[in-house]
Every structure is written in C-alpha cells, then in structure tokens.
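We count residues from 1, following the sequence as given. Order of listing sets the numbers, starting from 1, for every ligand and every atom in it.
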Amino acid sequence: MSDTVIAGSDEAFNEALAHMGLRRFEMPKPKLNGNVSLFEVVRERCLATLADMADEYASEGGIAFGFADHREFNAFAQRTSRDMICLYVPAIRSLWAFFHGLMGQREIFPWIDDTGRFEGQPPQSKGDLFFVRPPDKPANEDVEIRRKLAVALFDTALDFMLKHEVAHLWNGHVALLHAKESSAAFQEMRLVDGGLDISTVQTLEYDADAFAIQQAFARAYRLNPFAEYSEGFLKDHKIPLDGDHSTTWYFTWFAIYAVFRLFDESCEAADLPQWTHPPAALRQACLVTSVAAVCARQGWSKLNPTEWERVASEAGLEAERLVCRLRGFQLNANAYLSLWTAPVAEQIQNYLTVWETLGPQLAAMPRGPQPARP
Ligand SMILES: [Zn+2]
C-alpha cells in the first residue's frame with residue numbers, strides 16, 4: 001500500500017478526533033530494555049484482527065484505528081472516508097491493570113498456585129506495568145502463570161470491545177446515526193442527543209453486544225485459551241461441565257463482565273443522566289440466550305440455556321466480587337442476582353418492541369465493511 005493511503009487514514013482519524021474535541025494518544029517510545037508500550041501491541045493486535053475479519057481492512061489504511069487521550073472508559077466507531085474505530089486510553093489501561101491487579105493477590109484464584117504444575121512469583125506492579133515484550137521477540141516460556149492468565153483475560157476483553165465497535169459499523173448503526181444526525185460518531189458512553197432516543201440507543205447497543213459476544217465465543221471455542229487452567233479451577237468451582245471448554249466458557253464470561261463493570265464505573269464517575277447500556281449484570285444476563293443459541297447451533301457446547309445461565313452468573317458474580325474487593329466496596333450479591341430474574345425478560349421485550357421499527361431502518365443502510373476512499 002502506498003504512503004498516501006496510510007497518510008489518508010491518519011488524516012481521517014485525526015479529523016474525527018478533532019471534530020469530537022479529543023486528543024490523539026501519543027504512543028510512548030520503547031524502553032531502553034526493548035520493551036514496548038502496551039498500546040503498540042494492542043494496536044497491532046487490533047489491526048490484525050480487523051484484517052482477518054474483512055478484506056477491506058486487510059490493506060494498510062483500509063480502516064483507521066487508534067486511541068484517544070481522555071479520562072473516560074469509552075470508544076467510538078465512525079465512518080468518513082473509511083471505517084474507523086477509536087478506543088480511549090482508560091479502556092485499555094483499566095482492564096490491563098484490573099486483570100493484573102487480581103493476579104497479584106495470591107488469595108485470588110489460589111488454585112493457580114496449588115496444583116503444583118504452576119510456579120513463579122506473582123507479577124510485581126512496577127511503573128513499567130504498561131510496557132511489554134515486543135510481539136516479534138521470542139516468547140518467554142518462564143512467564144509467570146498468573147501473568148499469563150491476566151493477559152489471556154485481557155485479550156478476551158479487548159477482542160470483545162473491538163468487535164462491539166465493528167458491529168456499530170457493519171450492522172448499519174453508524175450509517176443510521178448519520179442519516180438522522182449528520183456526521184456524529186457512535187460513542188459508547190455519551191448519549192447521542194437529538195437524533196436517537198435512549199431506547200433506540202440501548203437496542204443498538206444490545207445488537208452490537210450480541211454480535212460481539214457470538215464472535216467472542218467463536219474465538220473461545222477455536223483457541224480454548226483457558227484450557228490449561230482447568231485442573232485447579234474445576235476443583236475450586238462448581239459449574240456445569242462441558243468437556244475441555246468448561247474453564248474457557250467461565251473465563252470468557254468473567255472477562256466480558258469485567259468490561260461491562262468497569263464501563264459502568266466510568267459512567268457513574270461521569271454522572272451521566274442516562275446510560276447507553278443497562279447495568280453490567282443485566283447487560284450480561286440479556287446475552288445468555290444469544291450465547292446458548294449460537295453454541296448449540298454450531299455444536300460448540302452441550303450446555304443447555306439453564307446451564308449457560310449458571311456459568312455466566314457464577315463468572316459475573318466472581319468478577320463483581322473481585323472488583324468490589326480491589327475497590328474496597330462491600331459486595332452486594334443480591335443486587336447482582338436480582339438483575340438475573342424478572343428484569344431480563346422485560347429488557348429483552350423492550351429491545352424487541354424497538355426492533356420492530358428499528359430493524360427495517362437498519363436493513364436499508366449499507367451493511368458490512370466499506371472500502372476506504374482516498
Ligand atoms: Zn456500543
């Protein structure tokens with residue numbers, strides 16, 4: 001690809017940021033020891049995932065991707081001369097720090113160390129937390145098992161976030177917003193004023209979540225990234241079993257709940273009058289039927305919907321417990337579990353009602369990836 005195309009992609013990205021009053025995140029230089037910024041690795045990873053998803057994104061500059069320097073756990077999808085995805089810096093930092101923070105505490109998931117197969121010290125939280133070994137360097141086989149689990153959880157969470165943004169582009173959400181409200185970006189946290197009402201926005205968000213979670217479980221099935229933790233994990237947790245994917249299903253829900261929960265925390269801090277998503281537990285509970293259906297249809301799992309509900313709610317509650325513990329809050333398990341009953345059916349009913357008018361509008365929009373224009 002020519003330099004012009006790359007420059008065009010950069011320019012489009014900068015323009016979109018400027019339009020929203022955001023600053024582009026300046027990539028930190030590598031450390032003297034050769035370690036590179038976590039953001040460098042995330043950027044490469046995301047571009048590779050996007051290239052795998054669509055031929056339109058496979059050439060350099062086919063999609064604009066980058067980070068915004070801002071204090072919110074946020075992201076946006078936009079389409080100008082090309083498709084564009086922007087993640088805000090805290091979304092990456094807080095997930096990375098959260099998963100590493102958990103693993104630094106020996107009393108959390110003690111079975112990791114108990115099984116005898118795994119050795120090593122918990123990761124130290126030094127100032128270098130956000131610098132990592134460059135991907136082209138040979139893997140360090142001695143990497144501590146706890147750090148490895150933290151990274152696998154982060155990868156799952158990142159993959160979900162990225163594909164959620166892809167859904168806003170591919171399922172016509174961004175195009176619909178443009179049709180209603182000129183050139184706005186589809187933003188996660190900030191409610192779209194004017195063009196779309198809150199129930200429409202929430203339904204679009206549910207549509208993006210459903211797309212992303214099906215992709216997340218496809219990836220989980222394919223890579224089975226948590227299989228190696230099964231031995232100790234299954235001794236310690238009573239969850240419905242599903243062959244050698246049991247542990248992976250659990251941790252996939254765990255990682256995705258963490259995304260929802262940290263996102264909520266940021267919405268709370270920003271004191272938003274209306275949220276674009278329901279609270280984390282309800283948001284997660286609404287997605288269980290999608291996962292159960294896709295896994296049954298594809299033959300990825302033998303779990304029935306009730307068993308899926310148990311795996312997902314156990315994982316979510318554990319993530320909730322750990323967030324509370326790290327933050328020094330009291331866990332309210334009843335508040336978490338109460339969202340798993342009646343409100344789910346009601347919430348899904350709301351989505352379906354909105355969908356009756358929304359579905360046909362989206363069907364008229366360009367779907368899927370769009371090729372970049374110069
Ligand atoms: Zn969204």
Side-chain angles (χ1 to χ4, degrees), residues 16-17 20 22 46 49-50 53 63-68 70 72-79 83-92 94-95 156-181 183-216 255-268 270 272 274-287 290 347-348 350-351 354-355 358-359 361-362 365 367-369:
L17 285 184
M20 297 169 74
L22 290 169
C46 290
T49 303
L50 292 163
M53 292 180 84
I63 181 165
F65 176 87
F67 308 104
H70 193 270
E72 286 174 352
F73 188 115
N74 207 344
F76 71 77
Q78 177 60 304
R79 177 174 285 163
D83 287 353
M84 195 178 300
I85 290 175
C86 175
L87 304 178
Y88 289 31
V89 164
I92 306 295
S94 55
L95 284 165
T156 300
L158 174 67
D159 193 72
F160 176 86
M161 281 199 301
L162 182 70
K163 286 165 180 170
H164 175 106
E165 296 309 313
V166 167
H168 284 317
L169 289 163
W170 291 13
N171 291 1
H173 305 174
V174 174
L176 181 72
L177 185 62
H178 288 187
K180 300 234 181 214
E181 204 197 352
S183 59
F186 206 99
Q187 275 205 84
E188 290 310 315
M189 257 179 78
R190 295 282 158 183
L191 177 63
V192 191
D193 297 315
L196 303 173
D197 61 82
I198 184 67
S199 56
T200 303
V201 171
Q202 285 203 357
T203 306
L204 292 171
E205 289 301 342
Y206 175 67
D207 187 44
D209 274 351
F211 174 92
I213 207 152
Q214 292 188 28
Q215 295 260 335
I256 292 170
Y257 183 82
V259 175
F260 295 170
R261 185 57 171 76
L262 295 174
F263 175 82
D264 280 7
E265 205 172 55
S266 193
C267 292
E268 241 168 66
L272 300 176
Q274 280 179 309
W275 288 16
T276 52
H277 298 266
L282 181 54
R283 186 176 171 188
Q284 182 197 23
C286 286
L287 293 167
S290 281
Q347 186 77 13
I348 289 182
N350 291 344
Y351 292 146
V354 175
W355 197 254
L358 187 57
Q361 293 178 51
L362 289 173
M365 299 293 153
R367 314 278 288 191

Colleague: Is it true that the side chains of His168 and Gln78 contain a donor and an acceptor less than 3.5 Å apart?
Modeller: no

Colleague: Just to verify, what does Gln214 make a side-chain hydrogen bond (donor to acceptor under 3.5 Å, both in side chains) with, not counting sequence neighbours?
Modeller: none

Colleague: Taking the Zn ion (ligand 1) as the vertex, what is the angle from NE2 of His168 to OE1 of Glu188, given to 10 degrees?
Modeller: 150°

Colleague: Restricting to N, O or S, what is the name of the atom of His164 that lies nearest the Zn ion (ligand 1)?
Modeller: NE2

Colleague: One pair to check against side-chain contact (heavy atoms from CB on, under 4.5 Å): Leu50 and Asp83. What are the steps and the verdict?
Modeller: CA-CA 11 Å; Leu50 292 163; Asp83 287 353; over 6 Å; no

Colleague: Of all the atoms in His277, is at least one N, O or S atom closer to the Zn ion (ligand 1) than 2.8 Å?
Modeller: no

Colleague: What N, O or S atom of Glu205 is found closest to the Zn ion (ligand 1)?
Modeller: OE1

Colleague: Describe, in one word, how the ring planes of His164 and Phe160 are oriented to each other, choosing from parallel (under 30°), tilted (30 to 60°) and perpendicular (over 60°).
Modeller: tilted

